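Every value quoted in this text rests on a predicted model; they were computed, and no experiment measured them.
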Amino acid sequence: QVQLLESGGGLVQAGESLRLSCLASGRTFSTYAMGWFRQPPGKEREIVAAISWSGSSTYYVDSVKGRFTISRDNAKNSLYLQMDSLKPEDTAVYYCAARSNGYTGTYYTSPGAYTYWGQGTQVTVSS
């Protein structure tokens with residue numbers, strides 16, 4: 001069982017930055033592929049970024065490429081999402097997710113591929 005706890009959300013103006021963190025419980029964090037998802041008001045949950053267990057493989061949805069950076073620190077059981085040049089359309093509840101896949105170099109982009117989810121953190125970007 002893995003528990004995920006996001007933090008770092010808040011209210012910012014367009015163009016500003018936020019860094020989201022996701023702290024995972026358990027001793028096998030390094031074997032988990034991880035992802036960041038978001039759910040804007042009235043819309044479905046969507047992938048933002050994903051990362052393999054080692055961090056060597058990453059994925060970004062087109063709308064955040066060049067602005068967001070996903071990273072992880074396995075020694076700290078932590079996943080991060082650095083969000084720069086934020087836009088009002090980035091407003092959403094952001095969730096981290098985890099899936100155990102051993103030490104394969106795979107990441108996952110479908111919500112259904114993930115086993116564990118955090119409770120979410122609100123990010124609001126004003127114009």
Please answer whether the main-chain N or O of Q3 pairs with a side-chain N or O of S25 as donor and acceptor at a distance below 3.5 Å. yes

Exercise answer: donor-acceptor pairs, residues 9-21 side-chain atoms, under 3.5 Å, sequence neighbours excluded:
unit_1, atom_1, unit_2, atom_2, d
E16, OE1, Q13, N, 3.0
S17, OG, D84, OD1, 2.8

Does a side-chain N-to-carboxylate-O contact under 4.0 Å join K65 and D62? yes

If you define the side chain from C-beta out and look only at heavy atoms, does anything of T58 sit under 4.5 Å from Y107? no

Rounded to the nearest 0.5 Å, what separates atom OG in S71 from atom CG in L79? 7.0 Å

Any side-chain to backbone donor/acceptor pair from S78 onto K76? Under 3.5 Å, distance only. yes

Considering only heavy atoms from C-beta outward, does the side chain of R38 approach that of T91 to under 4.5 Å? no

P40 and E46 have their tightest heavy-atom pair at CG-OE2, 4.4 Å

With heavy-atom distances below 4.5 Å as the criterion, would you say the side chains of W53 and N74 are in contact? yes

Would you say R45's side chain and V93's backbone share a donor-acceptor pair under 3.5 angstrom? no

To the nearest 0.5 Å, what is the distance between OG on S63 and NZ on K87? 8.0 Å

Nearest heavy-atom contact between L86 and R67 is CA-NH1, 3.9 Å

Would you name the heavy atoms of D90 and S85 that are closest together and state the gap between them? OD2-O, 4.5 Å

Is T121 reaching over with its side chain to a backbone N or O of E6, donor-acceptor style, under 3.5 angstrom? no

At their closest point, which heavy atom of S57 faces which heavy atom of G105, and how far apart are they? OG-O, 3.5 Å

Measure the spacing between OH of Y114 and OG of S100 and express it to the nearest 0.5 Å. 12.5 Å

So, R72 side chain and G55 main chain: donor-acceptor pair closer than 3.5 Å or not? no

Check I47 against A50 and note the closest heavy-atom contact, atom names and distance. CD1-CB, 4.3 Å

Side-chain heavy atoms nearer than 4.5 Å, only ILVMFWY residues, links allowed to pass through others: does that put V48 and Y60 together? yes

Count I, L, V, M, F, W, Y as connected when their side-chain heavy atoms are under 4.5 Å apart, and connections chain through other members. Are Y95 and L23 then in the same cluster? no

Is there side-chain contact between M83 and V123, with at least one heavy-atom pair below 4.5 Å? yes

Show me the donor-acceptor pairs, under 3.5 Å and distance only, between side chains in residues 28-37 and residues at least two apart or in other chains.
unit_1, atom_1, unit_2, atom_2, d
T31, OG1, T28, O, 2.7
W36, NE1, Y80, O, 3.1

Just how far is it from atom SG of C96 to atom CG of L4, taken to the nearest 0.5 Å? 4.0 Å

So how far is it from I70 CD1 to I51 CD1, rounded to the nearest 0.5 Å? 5.0 Å

